[in-house]
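Inspection log for the structure reproduced underneath, given as structure tokens.
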Amino acid sequence: MASVPAPASATSAPSLKGTGAEVSSNGLVDNIHSFKASDLEIDLAQTQKPKPDLTGLAFGTVFTDHMLVVEWNSQVGWQRPRIQPFGNLSIHPACSALHYAVQLFEGMKAYRGADNRVRLFRPELNMNRMRKSAHRACLPGFDRAELLECIKKLVEVDEEWVPHSDSASLYIRPTFLGTEPSLGVKKPSQALLYVILSPVGSYFSTGAKPVSLWADSKYIRSWKGGTGDCKMGGNYGASIFAQYEAVDYGCQQVLWLYGDDHQITEVGTMNLFLYWTNEKGEEELATPPLDGIILPGITRQSILELAQKWREFKVCERYLTMSDLRHGLKENRVKEMFGSGTACVVSPVGRVLYQGENLQIPCQQENSLASRLMKELTDIQYGRTLSEWSLLV
Ligand SMILES: *Cc1c(COP(=O)(O)O)cnc(C)c1O
């Protein structure tokens, strides 16, 4: 067979030359043509909305008074960043984010401590992940430190919206859209990056309750070579159908399986951990490796790093299959299973419906690993434990 030279983009990152995103092989070299926080223009809202009562408030339904907006186009690059009154966007009906899901987002939180100071949790990791998603979506690069500085400024402007509570928080939703105003499937020549803020109540009221999962290989969330390792909107819109089928089966969320061996990958929009005695008899905390189909969660990374530091049991990234889980349960080796993510930190799993069988997962409320991790992480987030993972706004 004659050898055909591989296209340049098959061996290296696709060229983003001229998009303002000259990206190195790791996709993370900040681009000096980025917008700058020192150029921020601030247009304060004339009126302020009343702050809602957060008890029983549905996630992400109330927004603060301001938003950060930064526009980009291929002719002039990034415009000056603006903090402006929260309001609707005006978007061309052919906008590529709307037609082809040229889009991505992030999810992070600001927490108010007992000392009344507002903190972010490892936000530079969100900036890294956002840059990677932007690269994959063919959206322009930006300087991560500059965006973080703009976000800090936005949170400062809406500081009173950070709940005065040791369990509620202000959810931060950076969003990046391709706003190409034409129907060609191509790299956008225009883009819009914006950040909105939404106060969210405590997850403790419902979060401590174990969730039930529907495990079926009928739908897959993510695949090798796909975008499941990026927070791109299309991944989530496409998952809603399966979520409702899970509910039809009497379960709360989907346990996403992958491959003929039914690997356990993620739960709903959370990473997944199994705490058990493994097949070699070792006490182990395990989560699937970042092999391209797993979203690299910041809570996931933090749990791995914390548990490694404890040196109390084996901590590892490894493949886990439904057969591993079933055998583990049969032999009473499973201690706990839980999801992890910014929204709820950790969420214990109580039951998995798989091949018509209800697998009961042990989940003691007291002295569980999940509750210990919850405490350690929230202590850092709310400034009760001093940590370099915490960044003052
Ligand atoms: C956001 C997300 C997570 C959790 O990531 P965190 O950074 O911990 O919030 C896990 N899985 C999916 C699919 C996600 O979208």
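We count ligands from 1, going down the list as the structure has it; atoms in each ligand are counted the same way.
In this structure, E317 pairs ionically with R300, as a charged nitrogen and a carboxylate oxygen lie closer than 4.0 Å. In summary, R326 and E357 engage in a salt bridge, as defined by a charged side-chain N under 4.0 Å from a carboxylate O. Ionic pairing of R112 and E159 is present here: one or more N-O contacts between side-chain nitrogen and carboxylate oxygen are shorter than 4.0 angstrom. Remark: E279 does not engage R333 in a salt bridge, criterion side-chain N to carboxylate O under 4.0 Å. A salt bridge links E282 with K314: at least one charged nitrogen is closer than 4.0 Å to a carboxylate oxygen.
Looking at atom 9 (O) of ligand 1, its nearest protein heavy atom turns out to be T342 OG1, 2.6 Å. Here the protein heavy atom with the shortest distance to atom 3 (C) of ligand 1 is T269 O, 3.4 Å. Here the heavy atom of the protein found nearest to atom 15 (O) of ligand 1 is Y236 OH, 2.4 Å.
Looking at Y354 and H262, their side chains come closer than 4.5 Å, going by heavy atoms from C-beta outward.
Backbone and side-chain nitrogen or oxygen atoms of I298 are examined, and one is located within less than 3.5 angstrom of a nitrogen or oxygen of ligand 1. Of the polar atoms of R221, none of the N or O atoms is found under 3.5 Å from an N or O of ligand 1, judged by distance alone. At under 3.5 Å, a nitrogen or oxygen of E266, whether backbone or side chain, sits near a nitrogen or oxygen of ligand 1.
Below 4.0 Å from some heavy atom of T299 lie the following atoms of ligand 1, by number and element: 6 (P), 8 (O). Each of the following atoms of ligand 1 lies closer than 4.0 Å to a heavy atom of G297: 5 (O), 6 (P), 7 (O), 8 (O). Close approach to R129 involves these atoms of ligand 1, each under 4.0 Å from a residue heavy atom: 5 (O), 6 (P), 7 (O). Which parts of ligand 1 touch N271 is read off a 4.0 Å heavy-atom cut-off, strictly below it: atoms 4 (C), 10 (C), 11 (N).
Annotation: Y275 is not in aromatic contact with F338 [ring centroid separation under 6.0 Å not met].
The part of K231 lying near ligand 1 is the side chain, judged by heavy-atom distances below 4.0 Å.
Pairing each heavy atom of I172 with each of L120, the nearest pair is CD1-CD2, 3.6 Å.
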